[in-house]
Amino acid sequence: MHLNPMATQNYDWTAGNHIFERFAAYNFSTQEFELAGLEDWSFEDETVTLTLRDDLKWDTGDDVTAGDVITQFRLMEKTNATLWDFTDSVEEGETDKTVVINLSRPSNPEIIKHTLANGDLRIHGYQPVYNEFLDQDASAIQQFEWEDDIHGNGPFTFESKNDQAWTLTRNEHFYNADAIDFDTYELLSRQENTALQQGLMGGELDVVSSLFVPPTIVESFPDHVEEVTLPANWGYGVIFNHDDEDFGNRNVRQAVAHVINRQQVADNAGPRTKNPAPKVTGIAPADQETWLGDDYDRFESYGPDATQSEAAAELLRDAGYSRSDGTWRDGDGNTLGGSYVTPAGWTDWTTATNTVVDQLNSFGFDFEINSLPSGDFYGAYTNSDFAVGAFYWLPGGARSSFPYFPLRWQLNIPDVDGGHNFEEGEYTVPAMDDSGEMTLNPFEEIRSVATMQDDAQVSETITRVAWHNNQNLPILGIVAKQDQSWLTSDEWDVAPAEDSARGIKWPSHWLPKQGQLNPINQ
């Protein structure tokens with residue numbers, strides 16, 4: 001594991017979120033943005049000016065400057081980050097604490113705010129480390145694993161790491177360091193959900209950022225273990241390798257969608273915390289009807305609470321497959337299936353995968369579950385070494401409630417560097433009004449939303465791209481969930497349950513630096 005956020009494979013986001021300060025945050029309790037590393041952000045027609053906190057420093061004691069942020073943004077251009085959907089250039093403003101983003105044209109401030117407040121985006125562009133990548137290809141920064149001489153600007157600084165834990169110490173140069181009443185933050189490595197649950201149960205762990213815990217285990221936790229639920233806008237889905245001979249075929253993907261009973265997956269994997277996607281649109285479940293309006297009923301549901309065997313069989317027969325001895329086969333007699341990749345130790349996902357594969361195999365697919373540890377799991381997708389498997393179908397967080405972000409994300413899946421091979425270009429799908437076909441470039445259309453000012457135009461474009469995703473299935477959404485985050489109060493003085501500060505992801509990251517999670521009697 002390393003600490004270069006632009007190399008997503010094996011990046012340790014938990015450690016990174018303690019070491020690097022964020023630009024801003026979205027509070028799910030107040031539904032407002034809160035600034036963090038920024039002192040101010042201002043929006044004009046074609047410019048956005050970011051003002052860094054005057055007292056934001058690296059743990060070396062040096063100021064975090066506009067140059068650091070500009071270096072980071074220019075590297076993000078190489079990796080096709082969302083920021084550059086609406087950005088033409090970046091430059092230093094009137095002082096070395098101001099960054100001016102020159103927009104390609106007037107843009108939607110809400111998208112810009114969600115982009116900057118995305119919890120995964122941190123201020124990490126330390127120039128002595130990152131400047132050397134400015135003149136190199138994108139692959140150089142995406143393969144750089146920052147493991148030595150790490151410097152951050154967050155509440156904690158890197159001390160050491162081994163296979164069992166990261167050890168962080170309070171960053172004395174952090175602007176709010178005086179509010180933090182403990183010196184060491186040790187992040188223990190646990191690959192299995194059950195180990196984390198036992199750690200909370202037995203008092204080994206004081207906090208866990210995100211952890212699925214089934215109802216029976218929640219009920220058995222001691223009273224001092226507190227659950228904080230937050231909208232995830234994230235959840236279990238099925239990813240296809242579009243270069244695969246079988247699953248690169250739209251009919252096969254649609255057949256998979258018809259077979260999977262999403263309600264049963266939710267019931268088995270998390271009845272307290274998971275909801276099936278009512279339509280397969282690429283839009284978060286709670287937002288689908290609002291965004292799609294009168295067109296909502298046109299979208300194919302693929303049967304959210306049923307296995308639609310006949311619809312699936314018809315699609316496969318049309319694609320040249322036939323069923324013999326209970327299994328679907330291609331023209332050469334090869335069975336339709338193979339290895340189904342899933343992450344080891346994610347217990348709710350293990351249950352979801354067992355349910356999905358059981359449904360598919362009962363219909364006549366021939367899958368074997370391939371459980372991989374996290375590094376190998378992401379590596380299989382990044383290296384396109386898979387045919388089909390489990391993966392999250394929404395990028396997560398507040399941004400997922402604005403369809404621009406999930407629809408764009410599903411096309412290029414930056415978390416696996418586009419390893420699902422959904423190629424940029426035009427696609428032809430059935431027309432929405434049943435009048436034949438329609439051809440569109442979903443990549444270009446969704447990117448254009450970032451610079452639209454007209455709400456009706458935004459809605460129309462989002463509906464078109466959602467329709468494309470509904471028909472072509474770059475990735476298949478199954479369920480969305482509520483995040484479960486965990487605090488303990490037997491040895492810690494934590495913000496009370498009604499405090500809105502708990503509404504920012506994640507409480508174990510946000511509360512300590514606010515002085516709202518400190519040892520009792522210190």
Counterpart residues, salt bridge (Lys or Arg N to Asp or Glu O under 4.0 Å), relative to Asp376 (two or more places apart)
none
Going by the rule salt bridge (Lys or Arg N to Asp or Glu O under 4.0 Å), which residues pair with Glu204 if we only count those two or more places apart in sequence or in a different chain?
Arg190
Taking side-chain hydrogen bond (donor to acceptor under 3.5 Å, both in side chains) as the test, write out the residues that go with [X], two or more places apart.
X	answer
Trp146	none
Trp393	none
Asp149	His151
Thr115	none

Are Lys274 and Asp348 ion-paired here, with the side-chain N under 4.0 Å from a carboxylate O?
yes
Got a salt bridge between Asp483 and Lys505, using NZ or NE/NH1/NH2 to carboxylate O under 4.0 Å?
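Looking at Lys505 together with Asp483, the answer is yes, because their closest N to O distance falls below 4.0 Å.
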Mind checking what makes side chain to side chain contact (heavy atoms under 4.5 Å, CB included) contact with Pro222, not counting sequence neighbours?
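Expected list: Met201, His224, Val225.
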Classify the ring geometry between Tyr26 and His114 as parallel (under 30°), tilted (30 to 60°) or perpendicular (over 60°).
tilted
Parallel, tilted or perpendicular: which describes the rings of Trp492 and Phe182, with under 30° parallel and over 60° perpendicular?
perpendicular
Verify whether the ring centers belonging to [X] and [Y] lie closer than 6.0 Å.
X	Y	result
His18	Tyr185	yes
Phe73	Trp84	no
Trp58	Tyr126	yes
Trp41	Phe23	no
Tyr404	Trp291	no

Please test Thr342 against Thr353 for side chain to side chain donor-acceptor pair (under 3.5 Å), starting from the C-alpha separation and ending with a verdict.
CA-CA 7 Å; Thr342 195; Thr353 290; 2.8 Å; yes
Would you confirm whether Gln410, through its side chain, and Gly282, through its main-chain N or O, come within 3.5 Å as a donor-acceptor pair?
yes
Is there a donor-acceptor contact under 3.5 Å from the side chain of Asn27 to the main chain of Thr30?
yes
Can you list every pair that meets salt bridge (charged side-chain N to carboxylate O under 4.0 Å, His left out) and has a residue in [range], with sequence neighbours left out?
range	result
residues 14-38	Glu21-Lys513
residues 398-411	Asp85-Arg408, Asp120-Arg399
residues 164-177	Arg170-Glu172, Arg170-Asp183

Side chain to side chain, [X] and [Y], heavy atoms closer than 4.5 Å:
X	Y	value
Phe20	Ile123	no
Asn108	Ile112	no
Thr65	Leu52	no

Closest non-hydrogen atom pair, Ala344 against Ser371:
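Here Ala344 and Ser371 meet closest at CB-CB, 4.1 Å.
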Suppose we screen for ring-ring contact (aromatic ring centres under 6.0 Å, His included). Which residues come up paired with Trp234, at least two apart in sequence or across chains?
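Counting only residues at least two positions away or on another chain, Trp234 forms a ring-ring contact (aromatic ring centres under 6.0 Å, His included) with Trp349, Tyr392.
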Donor-acceptor side-chain pairing of [X] and [Y] below 3.5 angstrom:
X	Y	value
Gln288	Thr281	yes
Gln72	Asp68	no
Trp166	Asp12	yes

Exercise answer: donor-acceptor pairs, residues 379-387 side-chain atoms, under 3.5 Å, sequence neighbours excluded:
| residue | atom | partner | partner atom | Å |
| --- | --- | --- | --- | --- |
| Tyr381 | OH | Val341 | O | 3.4 |
| Tyr381 | OH | Ala390 | N | 3.1 |
| Tyr381 | OH | Ala390 | O | 2.7 |
| Thr382 | OG1 | Tyr378 | O | 3.0 |
| Asn383 | ND2 | Gly379 | O | 3.0 |
| Ser384 | OG | Gly419 | O | 2.8 |
| Ser384 | OG | Asn421 | ND2 | 3.1 |

